[in-house]
Enquirer: 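Below are the structure tokens for one structure; questions will follow.
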Amino acid sequence: MKTKVAIIGSGPAGLLLGQLLSNAGIDNVIIEAQDKDYILGRIRAGVLEQVTTDLLREAGAAERMEKEGLVHEGFNLYFNNRCERIDFCKLTGGKTVTVYGQTELTKDLMDVREAGSYQTIYQAKDVELHNVNSATPYVTYVKDGVTHRVECDFIAGCDGFHGVSRPTIPDDIRKEYENAYPFGWLGILADVPPVDEEVVYGHHEDGFVLCSMRSKTRSRYYVQVPLEEKVEDWSEERFWNELKRRLPDELAAKVVTGPALEMSIAPLRSFVCEPMQYGSLFLAGDSAHIVPPTGAKGLNLAAGDAKRLFEGFEQFYLHDNRESLNAYSKECLDRVWKAERFSWWMTTLFHKLNDNPFSRKIQQAELEYLTGSEAGKTTIAENFVGLD
Ligand code: FAS
Ligand code: PHB
């Protein structure tokens, strides 16, 4: 098989890039290790920045998001037994976020791709990238016991943190930056009405708590747990009791409990790979960077990479200009590191970091200062909705 751009991975980064390329008539194929159901079964992000919703519209995949997505103008911070609302719409001159599950976004993009003529190869095993530092790279994979070869001009590594693309950049070229956190997020998805109309971030002496949603009838909650916790040790009842214990009384009283559609523990990690490109290989999304979900940035960073990489391919194929592709990594990393900072900062602000009482007093003082200052609230707001 021959194509212009071989995309590894059918998550948000790969699907968004694939749709933008397809709409511009630039030939591409997506090579994905799993099947559709597996991908759609992963419960992940929920908050979309305007850059992501605009990109969904540009890709022609925004119809359901427009109907079902919940536009939010603010969110709430609970600490020291009080609530502070951050009106990020007012503080950023009108910017909003949209609550719409990554699962739904992924499904919408898969549906649009299937309606078009560009191919996704699912359950591709033993994917390997070859000759990436040349003008004639190619990809091999095994499907149904047969080895296939895809000749291409470029490879887009959209295969997530555990994919094969990033390690294809030679060790002496690739520099990785990492910060691991000694805790994770235990999440539950349940068909119960959300406790509040907006997202709630809670700072409690026993750990972080997050109240989010997927619709007005489906809620997504998280509690911070030690890294060694096992999800099988958490019954639904234990989860609901711990969630309510960490919320202020007036909010806990409003929690509607119910059976879990899904429960899982996600580890928290900050990670950046530099550079995000090597020869004809370009990394986009989690293959290049990971943020702790406290800043709701992961999916949005992936969308930003897909948009910027598409612009590079568009310049190359439609205007015979390689400069934009050459600048991809530098321009993405500037945006990525600012999102890494905000995600790290929100994580250190809201989570129980250690047993030292001093740490908690500092966190409380910082939250008091930030929410008592127009400048403090503005910095939270402009980062949460996404920097220009
Ligand atoms: P993805 O990981 O989504 O997609 C990569 C794709 O590549 C997958 O389909 C995978 O099967 C495929 N693949 C992997 N290896 C391959 C190979 N060798 N060959 C072919 N295909 C291969 N972000 C938020 O903003 N908020 C959250 O609450 C949040 N929660 C998360 C919870 C978890 C458990 C995880 C892991 C991530 C979470 N994220 C969250 C971040 C998440 O939303 C990512 O940022 C987002 O999925 C990034 O999309 P992609 O870069 O497309 O990577
Ligand atoms: C979610 O709805 O899953 C969500 C919301 C905000 C975050 C992370 C996850 O910071």
Side-chain angles (χ1 to χ4, degrees), residues 6-18 30-36 38-49 52 70 72 75 97-103 105-106 109-110 120-129 139-143 155-168 184-189 194 198-201 208 210-215 218-222 231 262 264-269 271 283-306 339 342-343 346-347 350 384 386:
I7 299 170
I8 317 296
S10 178
L15 285 164
L16 272 168
L17 175 62
I30 295 180
I31 300 164
E32 164 61 51
Q34 305 294 343
D35 62 25
K36 266 182 77 173
Y38 178 90
I39 297 167
L40 295 176
R42 291 186 308 221
I43 307 302
R44 289 186 167 173
V47 174
L48 307 184
E49 292 175 8
T52 307
L70 303 173
H72 284 197
F75 68 140
V97 297
T98 301
V99 172
Y100 188 67
Q102 176 173 328
T103 305
L105 172 146
T106 304
L109 285 163
M110 285 176 169
T120 297
I121 295 153
Y122 290 104
Q123 294 179 295
K125 300 304 178 194
D126 303 330
V127 174
E128 281 187 52
L129 283 56
V139 178
T140 55
Y141 66 89
V142 177
K143 186 164 170 89
I155 300 171
C158 303
D159 45 350
F161 183 69
H162 301 290
V164 291
S165 296
R166 185 178 68 248
T168 307
W185 282 14
L186 168 61
I188 197 169
L189 185 72
E198 295 178 327
V199 175
V200 179
Y201 285 73
F208 173 67
L210 174 62
C211 306
S212 185
M213 74 252 350
R214 292 295 176 267
S215 69
R218 178 168 287 189
S219 296
R220 179 69 167 161
Y221 291 108
Y222 300 90
V231 67
E262 187 263 4
S264 56
I265 294 179
L268 268 60
R269 177 189 283 119
F271 175 90
L283 304 181
D286 277 17
S287 65
H289 41 69
I290 295 284
V291 283
T294 328
K297 291 291 164 227
L299 173 53
N300 296 297
L301 278 178
D305 293 348
F342 178 67
S343 305
M346 286 285 280
T347 301
F350 278 93
F384 189 76

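Indexing begins at 1, ligand by ligand and atom by atom, following the structure's order. Starting from 1, each residue takes its place in the sequence as its number. All heavy atoms count here, side chains included; hydrogens, waters and symmetry mates do not.
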Enquirer: How far is atom 43 (O) of ligand 1 from its nearest protein heavy atom, and which residue and atom name does that atom have?
Expert: Q102 OE1, 2.5 Å

Enquirer: Which residue owns the protein heavy atom closest to atom 24 (C) of ligand 1, what's the atom, and how far is it?
Expert: A45 CB, 3.2 Å

Enquirer: Among L129, D286, L17, which one has a heavy atom closest to atom 48 (C) of ligand 1?
Expert: D286

Enquirer: Just let me know how T294 lines up against ligand 2, side chain, backbone, both or neither, with a heavy-atom cut-off below 4.0 Å.
Expert: backbone

Enquirer: For atom 14 (C) of ligand 1, find the nearest protein heavy atom and state the residue, atom name and distance (0.1 Å precision).
Expert: D159 O, 3.1 Å

Enquirer: Below the 3.5 angstrom mark, is there an N/O of A13, backbone or side chain, next to an N/O of ligand 1?
Expert: yes

Enquirer: Report the nearest protein non-hydrogen atom to atom 19 (N) of ligand 1: residue, atom name, distance rounded to 0.1 Å.
Expert: V127 CG2, 3.5 Å

Enquirer: Quick one: sort the Y201 and F208 rings into parallel, tilted or perpendicular, breaks at 30° and 60°.
Expert: tilted

Enquirer: Measure the CD-CZ distance between Q102 and R214 for me, rounded to the nearest 0.5 Å.
Expert: 9.0 Å

Enquirer: Would you check the N or O atoms of W185, main chain and side chain alike, for any that come under 3.5 Å of an N or O of ligand 1?
Expert: no

Enquirer: With heavy-atom distances below 4.0 Å as the criterion, list the atoms of ligand 1 near I8.
Expert: 19 (N), 20 (C)

Enquirer: Check S343 against K297 and note the closest heavy-atom contact, atom names and distance.
Expert: OG-CG, 3.5 Å

Enquirer: Ignoring hydrogens, what is the shortest heavy-atom contact between A296 and F384? Give both atom names and the distance.
Expert: CB-CE1, 4.3 Å

Enquirer: Please list, in number order, the atoms of ligand 2 under 4.0 Å from a heavy atom of Y222.
Expert: 1 (C), 3 (O), 9 (C)

Enquirer: Please check if the side chain of D305 supplies one atom and the backbone of G285 the other of a donor-acceptor pair under 3.5 Å.
Expert: yes

Enquirer: Rounded to the nearest 0.5 Å, how far does CG of L301 lie from OG1 of T52?
Expert: 9.0 Å

Enquirer: Minimum heavy-atom separation for L283 and A288, please, with both atom names.
Expert: CB-CB, 3.9 Å

Enquirer: Which residue owns the protein heavy atom closest to atom 18 (N) of ligand 1, what's the atom, and how far is it?
Expert: V164 CG1, 3.6 Å

Enquirer: Quick check on contacts: which atoms of ligand 2 are under 4.0 angstrom from a heavy atom of R220?
Expert: 3 (O)

Enquirer: What's the shortest heavy-atom distance between A6 and V139, and which atoms?
Expert: CB-CG2, 4.0 Å

Enquirer: Mark up the atoms of ligand 1 that fall under 4.0 Å of a heavy atom belonging to I31, in ascending order.
Expert: 20 (C), 21 (N)

Enquirer: Examine ligand 1 and decide if any of its atoms is less than 4.0 Å from a heavy atom belonging to C158.
Expert: yes

Enquirer: Only heavy atoms of R42, strictly under 4.0 Å: list the atoms of ligand 1 that pass.
Expert: 3 (O), 4 (O), 8 (C), 9 (O), 10 (C), 11 (O)

Enquirer: Looking at E262 and R42, is there a salt bridge between them, counting it only when a charged N and a carboxylate O are closer than 4.0 Å?
Expert: no

Enquirer: Output yes when a side-chain donor or acceptor of K125 lies under 3.5 Å from a complementary backbone atom of Y141, and no otherwise.
Expert: no

Enquirer: Have a look at Q123, R44, K125 and point out the one with the heavy atom closest to atom 33 (C) of ligand 1.
Expert: R44

Enquirer: Is the backbone of S287 close enough, under 3.5 Å, to the side chain of R166 for a donor and an acceptor to pair up by distance?
Expert: yes

Enquirer: Measuring from atom CD1 of I7 to atom SG of C158, what distance do you get when rounded to the nearest 0.5 angstrom?
Expert: 6.0 Å

Enquirer: With only distance considered, is W185 within less than 3.5 Å of ligand 2 through an N or O on each side?
Expert: no

Enquirer: Would you mind listing which atoms of ligand 1 come within a distance below 4.0 Å of any non-hydrogen atom of L299?
Expert: 23 (N), 25 (O), 45 (O)

Enquirer: If you measure from each non-hydrogen atom of Y221 to ligand 2, which part falls under 4.0 Å: side chain, backbone, both or neither?
Expert: neither

Enquirer: So, do L15 and M110 sit near enough that their side-chain heavy atoms are less than 4.5 Å apart?
Expert: yes

Enquirer: Just distances here: any N/O of S287 and N/O of ligand 1 closer than 3.5 Å?
Expert: no

Enquirer: Considering both backbone and side-chain atoms of P293, is one of its nitrogen or oxygen atoms within less than 3.5 Å of a nitrogen or oxygen in ligand 2?
Expert: yes

Enquirer: Heavy atoms only: which of P12, G11, G298 lies closest to atom 49 (O) of ligand 1?
Expert: P12

Enquirer: Just how far is it from atom NZ of K143 to atom CD1 of I121, taken to the nearest 0.5 Å?
Expert: 8.0 Å

Enquirer: Under a 4.0 angstrom heavy-atom cut-off, which atoms of ligand 2 come close to Y201?
Expert: 6 (C), 7 (C), 10 (O)

Enquirer: So, is F161 polar-close to ligand 1, with some N/O to N/O distance under 3.5 Å?
Expert: no

Enquirer: Heavy atoms only: give me the nearest A266-L268 pair and the separation to one decimal.
Expert: O-CD1, 3.6 Å

Enquirer: Going by the order shown, which atoms of ligand 2 are within less than 4.0 Å of some heavy atom of V47?
Expert: 5 (C), 6 (C)

Enquirer: Is the shortest distance from a heavy atom of R214 to ligand 2 less than 4.0 Å?
Expert: yes

Enquirer: About how many Å separate CG of L189 and CD1 of I43, when rounded to the nearest 0.5 Å?
Expert: 5.0 Å

Enquirer: If you count the atoms of ligand 1 from 1 in the order shown, which ones are under 4.0 Å from a heavy atom of G285?
Expert: 51 (O)

Enquirer: Could you list which atoms of ligand 1 come closer than 4.0 Å to a heavy atom of A266?
Expert: 34 (C)

Enquirer: Could you measure the distance from the CD atom of E198 to the CE atom of M213? Nearest 0.5 Å is fine.
Expert: 8.0 Å

Enquirer: Starting from atom 17 (C) of ligand 1, find the nearest protein heavy-atom neighbour and note its residue, name and distance.
Expert: A33 CB, 4.0 Å

Enquirer: Relative to the heavy atoms of Y222, which atoms of ligand 1 are at a distance of less than 4.0 Å?
Expert: 28 (O)

Enquirer: Does F161 CZ have over 12 foreign heavy atoms under 6.0 Å away?
Expert: yes

Enquirer: Could you tell me which atoms of ligand 1, counted from 1 in the order shown, lie closer than 4.0 angstrom to a heavy atom of G163?
Expert: 15 (N)

Enquirer: Check each heavy atom of A296 against ligand 2 and say whether those closer than 4.0 Å belong to the side chain, the backbone, both or neither.
Expert: both

Enquirer: If we only count N/O pairs under 3.5 Å, is Q34 in contact with ligand 1?
Expert: no

Enquirer: I'd like to know if the side chain of E49 and the backbone of N300 have a donor-acceptor N/O pair within less than 3.5 Å.
Expert: no

Enquirer: With a heavy-atom distance limit of 4.0 Å, tell me whether R44 approaches ligand 2 through its side chain, its backbone, both, or neither.
Expert: backbone

Enquirer: Considering only the protein, which heavy-atom contact is closest to atom 2 (O) of ligand 2, and what is its distance?
Expert: S212 OG, 2.6 Å

Enquirer: For the side chain of D126 and the backbone of V142, is there at least one donor-acceptor N/O pair under 3.5 Å apart?
Expert: no

Enquirer: Please list the nearest protein heavy atom to atom 11 (O) of ligand 1 with its residue and the distance rounded to 0.1 Å.
Expert: E32 OE2, 2.7 Å

